[in-house]
Amino acid sequence: MSDYSRSIVIIPTLNEKENLKELIPQIFGLMPDISVLIVDDSSKDGTKELIESLAERFKRLFVLDRKSDFGYGRSSIDGFKWVFEKQYENLVTMDADFSHDFNAIPAMLEMLNLYDITTGSRYVRGGGVKNWNFFRRVLSKFANFYVRLILGLPVTDATSGFNSYRVSALKKLNLDEIKSEGYAFLVELKYRLFRTGCRFSEHPITFSERREGQSKMSGKIIWESTKLPWKLKLFY
């Protein structure tokens with residue numbers, strides 16, 4: 001059995017209680033010695049209380065309750081900083097809504113023996129999406145083509161939020177310089193890692209449409225994602 005005691009999963013949340021009460025036991029059932037950090041944006045549905053209750057059973061489960069500066073990007077960065085203060089070597093980011101299959105985590109961590117970051121990709125052989133209409137499929141593929149064309153990123157799925165990282169690679173960055181949110185944050189983080197010389201790999205995943213909870217995407221975030229590649233290309 002692999003040793004996951006030096007690895008941690010970060011899950012940013014906003015009103016994901018119903019998903020987490022199923023997801024958390026399943027993650028620990030697969031990898032009992034891994035750690036999980038829930039980074040919660042002051043959910044009103046009892047997410048924090050659920051995690052505190054589950055932590056009595058799962059000793060490697062933690063919650064970071066954020067009170068301000070909400071958003072996916074800032075949540076992720078605060079989670080990274082929390083991890084930096086510990087002794088973890090590897091870090092996984094994923095969503096709480098089962099759109100990311102936690103069963104892929106062991107393979108994505110294994111790939112960090114050779115690479116600095118592994119992206120869970122919908123657009124490599126063996127990957128795909130479920131429950132998306134034609135327009136959304138086209139939009140997602142075009143967004144990733146657009147990003148790769150401008151920035152030259154060595155991944156087919158730059159907007160994926162399901163990733164594994166070496167903590168040492170993330171520590172090379174000045175995280176406070178990253179101001180973007182949502183898909184734009186995911187692209188900017190990968191680009192900054194790429195510019196430091198990090199080695200990238202991709203692992204095929206099947207992305208399933210979210211179950212319960214509240215989407216963190218908005219029109220503002222989509223527009224930000226459109227502008228960001230040019231901003232990075234010209235000014236970073």
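Along the sequence shown, residues carry numbers from 1.
- By the 4.5 Å heavy-atom criterion applied to side chains, Arg60 and Ser5 are counted as neighbours.
- In this structure, Ile27 and Met94 have side chains that are in contact, with non-hydrogen atoms separated by less than 4.5 Å.
- To the nearest 0.5 Å, atoms CZ (Phe162) and OG1 (Thr118) are separated by 10.5 Å.
- Counting only heavy atoms from C-beta outward, the side chains of Ser164 and Met111 never approach each other to under 4.5 Å.
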Is there a side chain to side chain contact (heavy atoms under 4.5 Å, CB included) between Leu114 and Arg199? Walk through the geometry before answering. CA-CA 8 Å; Leu114 299 174; Arg199 296 163 296 173; 5.9 Å; no
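- At a threshold of 4.5 Å between non-hydrogen side-chain atoms, the residues His203 and Thr119 do not count as touching.
- Aromatic ring orientation, Phe28 versus Phe58: parallel (interplanar angle below 30°, classes split at 30° and 60°).
- Relative orientation of the Tyr165 and Phe80 rings is perpendicular, given thresholds of 30° and 60° on the angle between their planes.
- Note on Glu188 versus Arg192: salt bridge recorded, some NZ/NE/NH1/NH2 to OD/OE distance being below 4.0 Å.
- In the hydrophobic cluster analysis, where Ile, Leu, Val, Met, Phe, Trp and Tyr join through side-chain heavy atoms closer than 4.5 angstrom, Val124 is grouped apart from Phe145.
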Could you give me the CA-CA distance, side-chain angles and deciding distance for Ser42 and Lys67, then say whether side chain to side chain contact (heavy atoms under 4.5 Å, CB included) is met? CA-CA 6 Å; Ser42 293; Lys67 300 297 186 182; 3.7 Å; yes
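- Annotation: the span from His100 atom NE2 to Thr206 atom OG1 amounts to 11.5 Å, rounded to 0.5 Å.
- Classification of the Phe102-Phe98 ring pair by plane angle, with boundaries at 30° and 60°, yields perpendicular.
- For the pair Phe200 and Lys190, the minimum side-chain heavy-atom distance is below 4.5 Å.
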Could you walk me through whether Ile51 and Asp40 pass side chain to side chain contact (heavy atoms under 4.5 Å, CB included), step by step? CA-CA 10 Å; Ile51 298 306; Asp40 188 62; over 6 Å; no
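- One hydrophobic cluster, built from ILVMFWY side chains closer than 4.5 Å, cannot hold both Tyr146 and Val138; they sit in different ones.
- Separating the CG atom in Leu186 from the CG atom in Asn163 is a distance of 6.5 Å, to the nearest 0.5 Å.
- With hydrogens and angles disregarded, a donor-acceptor distance shorter than 3.5 Å links the side chain of Asn113 to the backbone of Glu110.
- Under the 4.5 Å side-chain heavy-atom criterion for ILVMFWY residues, a single connected hydrophobic cluster contains both Leu30 and Leu20.
- Separating the CD1 atom in Ile11 from the CG atom in Asp95 is a distance of 9.0 Å, to the nearest 0.5 Å.
- The closest side-chain heavy-atom distance from Val167 to Glu89 is not below 4.5 Å.
- Heavy-atom minimum distance, Gly71 versus Asp41: N-OD2, 2.9 Å.
- For Asp97 (side chain) and Asn19 (main-chain N/O), no donor-acceptor pair under 3.5 Å exists by modelled atom type.
- With a 4.5 Å cut-off on side-chain heavy atoms, Ile38 and Ile24 count as touching.
- In this structure, Phe194 has no ring pair (Phe, Tyr, Trp, His ring centres under 6.0 Å) partners at least two apart in sequence or on a different chain.
- Looking only at distances, a side-chain donor or acceptor of Asn144 sits under 3.5 Å from a matching main-chain atom of Ala158.
- The nearest pair of heavy atoms linking Gly79 to Leu64 is N-CD2, 4.3 Å.
- No side-chain donor-acceptor contact under 3.5 Å links Tyr123 and Ser160.
- Of all heavy-atom pairs between Pro204 and Gly126, the closest is CB-C, 3.6 Å.
- Atoms OG and CG, from Ser76 and Leu175 in turn, are 10.0 Å apart once rounded to the nearest 0.5 Å.
- Note: Leu151 CG to Arg195 CZ = 9.5 Å, rounded to the nearest 0.5 Å.
- Looking only at distances, no side-chain donor or acceptor of Ser140 sits under 3.5 Å from a matching main-chain atom of Arg137.
- Leu153 pairs in a side-chain contact (heavy atoms from CB on, under 4.5 Å) with only one of the listed residues (Val155, Leu149, Asp157), which is Val155.
- For the pair Phe207 and Lys130, the minimum side-chain heavy-atom distance is 4.5 Å or more.
- When the side chains of ILVMFWY residues are joined at heavy-atom separations under 4.5 Å, either directly or via intervening members, Ile117 and Tyr115 end up in two distinct hydrophobic clusters.
- Hydrophobic clustering, with ILVMFWY side chains joined whenever heavy atoms are under 4.5 angstrom apart, groups Leu91 together with Tyr88.
- By the 4.0 Å N-to-carboxylate-O rule, Asp45 lies too far from Lys17 to be salt-bridged with it.
- Between the side chains of Glu202 and Thr156, at least one donor N or O sits under 3.5 Å from an acceptor N or O.
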As a quick check of understanding, evaluate side chain to side chain contact (heavy atoms under 4.5 Å, CB included) for Val39 and Ile10, giving each step before the final call. CA-CA 7 Å; Val39 185; Ile10 292 182; 3.9 Å; yes
